[in-house]
Amino acid sequence: MLLPALHMAMLLGIAGLVLLLITVRSDEHRWVRLGLCLAVAAAIFLYMDWRTGLLLHASPDDIHGVVWMWCFYIFEIIAFSEILLLLLQLTWLTDRTPEADRYEMQWRSRDPSTLPAVDAWVATYDEERPILEKTIIGLKHLDWPAEKLHIFVLDDGRRDWLHDLCDAHSVHYITRPDNRDRKAGNHNHALTVSTAPFIVSMDADFVPFPNFIYRTIGFFHDPTVAVVQTPQCFYNADPMRKNLGLAKYLPDDLNFFYRVMQPCRDAWDAAFYCGSAALLRRQALLDIGGFVTVTDIEDQATAVKLLSRGYKTRYLNEQLSVGLAAESNIVLRDQRNRWSRGSLQILFTPFGPFGRGLRLIHRLLFLQSHWVMMPLTALIYLLCPIFFLWFGWSVFPDARPDEIFYIPILLAIILVSAMVWLSRRQFIPFFWHGLQLFMAFELLPQSLIALVKPFGKPLLKINPVTAKGKAALGRLVDVRPLICLLTIVLVIVIGLLRAGYDERLGGQPLEMTMLLFWIIYEMIVVIIACFICFEPWYQPREERFELADELASLLVRGQAIPVRITNLSITGARLRLPHPLVVPIDQQVHLQKQHVGLLPCTLAYLSQTELAVAFLPIESTAVWQALVRALYTNPMVQNNRHATFEFWPVVKRLGRLLVA
C-alpha cells in the first residue's frame, strides 16, 4: 500500500494532466485518447490501493456495518473492472469514411449491368401506414439500378391495407404461415424467398438515404466481412430530452453508443449488427444457419455467432438513415428490458463468450456485465449516504478527513473529465446518471432474473417489438419509478434531520463537506430522474424539421410571393414573410418548394412576419414522394436534428422545472 499523502499527490498530478490534455487538445486525437485512458486506469488503481489499505489496516472499533463495508468494497472492484473494460474499448476508434469514399468512387465507375443484386427487407408487425410508407419510399429511391434492387415488406401482421400499399408502390409483400421466433423467424423466412447476395436491413420506421448501398457495399470486397453497420439516428427526441424540454441542448442517450462505442468496438473487430441500418452478406447468414432465434434480440446474437465462425463486422460511422426513437417512458423501458434480457441470453448460447470460436477480446467485449452494473451502480451509490445518515455506516473506515475529501473527489474529476472528452461530449454526467436511475428499478431485477432464468417467461412482460405511433402513447405521470424516487428523497431528508441530532454531522469539516457534496450530487440525479417521470401531453404527429430559412414561393391568387421556410413537415410548414400580407385565414394557397413542386395548403396562422400553412391532401404521387424524400432522406435536414450540449440553457431549463 502507498502512503495516503502519496496517493493524493499522484491523483492530483493525474487530474492536472487530464485537464491539461482535454484543454490543449479539445479536438479528437488518437494519442490523447490513449493517454487519457491510461491516466484514468492509473487513477483507478491508486484509488483501489488506498481503499484496500483502509480495510486491511482498520481496527475493529472503527468499523460500523462490516457487511455493508465489504459488500461495497467488492462492488467497487467489479464496478471499476467494468470501467477498465470500457477504457480498453475507448482507447482506439476507427474512421472508415475515407475507405467508404474510395469504395463509392470505385463502385460508381462500374458498368451498372455488372453490379450485384441487392434485396431490401422491412420487417413489420403492427406499425401504422404513415410510418411504413416513408420507409418504402426511401427504399424505392435508393441510388442503385432499379432492375438490381428488390424490396420485400415482411408483414407478420397480415394486413390487407399493407398488401394494397405494397402493390401501389410495386414492392414485394411477404407473409408466412405463423409468427414463430418473432423478427428473427421473419428474417429467416425471407431468406427462403429472396436470393440477392446482399441484404439491406431496415426496421419499419427507418428511412435510408439514397447513397446507403454505395457507401457500404465496398467493404464486402473482403469475403470474410458479413455485416456493415451504420449508426441508428433518430428524427424525434427520446423520452429523457422530450420530458425535460432539452431536445435542442442534450444529445440522444444512444449517441454515445452509436457515435463512440461502436467505432471503438470496430477498432477491435467487435462492432455488431443492430437490427437496422445495416448491409448484410446473405451467404454468411446461410453459413451459420440463419438469424439466431433462441434470444429475445436477433441482431447482436447473430453478430456474435458470425464472429464465432470467423466472419468480420465493419462499422461505418456515418448517418445514412433516420428512424423513430422510443416515444414514451413505457416504450423506452420495455425496449431496454428486451435488450438487457436478450443480451444476457447470449451468455448461455454455445457461441457466446463462454462458448467456442470467439477470440479473447470478443469474449471480454460481449460479457454483457454492463446490463447488471449500470442499474446496480445507480442504486448502490444512493445507499452510501442513506446508510451513513441512518446508521453511521462509513465505507471509509479509519481514514483521515483530508483523505476522505480529496481522494474520491480527485478520482471523480478525473473520471468525469476524461469520459466527457472520450465520449466526444455525448456523455453528460448528471443526465446520463439520472436516466440510468430512472430505468434501474425495472432493469436491475429484470437483468438479475435473466442471469438465473435466461429463457422462458420473463419477470416483466416484454413486447416482442418496440411500439410506435398510437401504440406508443404513455402516461402523463410514470407513477412506479416516481414513487421509488420520492421515497429515496424522503429517506435522505429524514436521515439528514435525524443525523442533525447526533454527532454524525458534527465531525471534521472536510469529512462533512465530502458527505454533503455526495448528497447534493445524488439529489440532483434523483431530481432529474423525477422530472423524466413527467411526460408532456403527446399526440402522435409528424415531426417538423428546421430548413434554415430555405427560399420558396407562396402562390396567392396567382401572385408569387417570395418566402422563407423556417420549418416543414409532411403536414404543414411555417414561413417567414418579406412584408405583411393580407389573406383570408381560410384562403387556399400553394407552396412552391424546390425539388418538390406545388403543395396545396390553407392558412393556419398569420402575423406581420410569419404564417403557418396546413397542407391539403396531395393528389400527385410524385409530389408526395418528393416531399417525403426532401425531409427524411436529406442528410442536411436530418443533421440539423443533432443536439449539442449547452450548459447555461440546460441550467435555466432545470431552474424553470424546479420553480414550476
Quick one: are Tyr73 and Val395 in side-chain contact, heavy atoms under 4.5 Å? no
Grab the two heavy atoms, one from Val294 and one from Gln345, that are nearest each other, plus how far apart they are. O-OE1, 4.2 Å
Test salt bridge (charged side-chain N to carboxylate O under 4.0 Å, His left out) applied to Asp253 and Arg336, Arg259, Arg241, the passing residue: Arg336
Tightest non-hydrogen contact, residues Thr295 and Ile297, listed as OG1-O, 2.6 Å
Between Asp181 and Asn188, does any side-chain donor sit less than 3.5 Å from a side-chain acceptor? no
Lys183: which residues meet the salt bridge (charged side-chain N to carboxylate O under 4.0 Å, His left out) condition with it, sequence neighbours left out? Asp203, Glu298
Is the backbone of Glu546 close enough, under 3.5 Å, to the side chain of Asn567 for a donor and an acceptor to pair up by distance? no
Donor-acceptor pair, Arg424 side chain versus Gln426 backbone, under 3.5 Å? no
How would you list, by chain and number, every residue that makes a salt bridge (charged side-chain N to carboxylate O under 4.0 Å, His left out) with Arg544, sequence neighbours excluded? none
Short side-chain to backbone donor-acceptor contact, Asp155 and Arg159, under 3.5 Å: yes
With Arg129, which residues qualify under salt bridge (charged side-chain N to carboxylate O under 4.0 Å, His left out), at least two apart? Glu133
Answer yes or no: is there a donor N or O on one side and an acceptor on the other, between the side chain of Trp390 and the main chain of Val491, under 3.5 Å? yes
Heavy-atom distance under 4.5 Å between the side chains of Phe438 and Cys530, does that happen here? no
Would you say the side-chain atoms of Arg182 pair up with the backbone N or O of Asn186, donor to acceptor, closer than 3.5 Å? no
With sequence neighbours excluded, what pairs up with Arg158 under the side chain to side chain donor-acceptor pair (under 3.5 Å) test? Asn179
Expected output: side-chain Asp205 to main-chain Leu324 donor-acceptor under 3.5 Å: yes
Do Ser369 and Glu82 meet the criterion of a side-chain donor-acceptor pair at a distance under 3.5 Å? yes
Donor-acceptor contacts, no H, no angles, side chain residues 428-435, under 3.5 Å, sequence neighbours left out:
residue, atom, partner, partner atom, Å
His433, ND1, Pro429, O, 3.1
His433, ND1, Tyr521, OH, 2.8

Less than 6.0 Å separating the ring centroids of Phe545 and Tyr632? yes
Residue pair Thr566, Leu547: steps toward the side chain to side chain contact (heavy atoms under 4.5 Å, CB included) verdict: CA-CA 5 Å; Thr566 57; Leu547 291 197; over 6 Å; no
Looking at side-chain heavy atoms only, is the closest gap between Ser343 and Phe366 below 4.5 Å? no
Decide if atom CZ of Phe405 counts as having more than 12 heavy atoms of other residues, nucleotides or ligands within a radius under 6.0 Å. yes
Taking Thr302 for its side chain and Val292 for its backbone only, find out whether a donor-acceptor pair lies under 3.5 Å. yes
Ile570 versus Phe615, closest heavy-atom pair with distance: O-CD1, 3.6 Å
All side-chain contact (heavy atoms from CB on, under 4.5 Å) counterparts of Asn463, not counting sequence neighbours: Asp334, Lys461
With Ile519 as partner, the option from Leu389, Ile524, Leu382, Val493 fulfilling side-chain contact (heavy atoms from CB on, under 4.5 Å) is Leu389
Gln229 and Phe272 have their tightest heavy-atom pair at CG-O, 3.8 Å
Which word best sums up how the rings of Trp121 and Phe291 line up, parallel for under 30°, tilted for 30 to 60°, or perpendicular for over 60°? tilted
Once salt bridge (charged side-chain N to carboxylate O under 4.0 Å, His left out) is applied, do any residues pair with Glu610, and if so which ones, sequence neighbours excluded? Arg574, Arg576
Within this structure, what is the OG1-CG distance for the pair Thr571 and Leu627, rounded to the nearest 0.5 Å? 9.5 Å
Donor-acceptor contact below 3.5 Å, side chain Ser423 vs main chain Val420: yes
According to salt bridge (Lys or Arg N to Asp or Glu O under 4.0 Å), does anything in residues 435-454 pair up with another residue at least two apart or in another chain? List the pairs. Arg333-Glu442, Glu442-Arg480
Return the CG to CE distance between Leu516 and Met523, rounded to the nearest 0.5 Å. 12.0 Å
How about Phe354 and Thr349: do any of their side-chain heavy atoms sit closer than 4.5 Å? no
Would you please say whether a donor-acceptor pair under 3.5 Å links the side chains of Gln262 and Gln232? no
Is the backbone of Ala204 close enough, under 3.5 Å, to the side chain of Thr135 for a donor and an acceptor to pair up by distance? yes
How about Phe645 and Tyr249: are their ring centroids closer than 6.0 Å? no
CH2 (Trp161) with more than 12 external heavy atoms under 6.0 Å: yes
Ring-plane angle category for Trp518 and Phe396, please: parallel below 30°, perpendicular beyond 60°, tilted otherwise. tilted
Should we say atom CG of Asp160 is surrounded by more than 12 heavy atoms from elsewhere, each under 6.0 Å from it? no
Where do Ala123 and His187 come nearest, in terms of heavy atoms and distance? CB-NE2, 3.8 Å
Can you see which heavy atom on Asn236 is nearest to which on Ala326, and at what distance? ND2-O, 4.3 Å
Kindly write out the residues that satisfy side chain to side chain donor-acceptor pair (under 3.5 Å) with Asp296, not counting sequence neighbours, or none if the list is empty. Arg341
For the backbone of Pro263 and the side chain of Asn317, can you confirm whether one donor and one acceptor N or O come within less than 3.5 Å of each other? no
Sorted by chain and residue number, the side-chain contact (heavy atoms from CB on, under 4.5 Å) partners of Thr633 (sequence neighbours excluded) come out as Val207, Phe209, Pro210, Arg629
Side-chain touch Leu422/Leu87, heavy atoms, less than 4.5 angstrom: yes
Value for CZ (Phe441) from CD (Gln446), rounded to nearest 0.5 Å, stands at 16.0 Å
Side-chain heavy-atom pair Phe72, Cys384 within 4.5 angstrom cut-off: yes
Begin with the C-alpha distance, continue with both residues' side-chain angles, and end with the deciding distance and a verdict on ring-ring contact (aromatic ring centres under 6.0 Å, His included) for Phe388 and Trp393. CA-CA 5 Å; Phe388 181 81; Trp393 296 352; over 10 Å; no
Mind jotting down which residue pairs meet the salt bridge (Lys or Arg N to Asp or Glu O under 4.0 Å) criterion with at least one end in residues 63-77? Sequence neighbours excluded, please. Arg51-Glu76
Could you check if a side-chain atom of Trp421 sits within less than 4.5 angstrom of a side-chain atom of Phe427, using non-hydrogen atoms only? no
State, yes or no, whether a side-chain contact exists between Leu486 and Leu490 at a heavy-atom distance under 4.5 Å. no
In this structure, CG of Leu365 is separated from CG of Leu85 (nearest 0.5 Å) by 6.0 Å
Return the set of residues passing side chain to side chain donor-acceptor pair (under 3.5 Å) with Glu522 (not counting sequence neighbours), or none when no residue passes. none
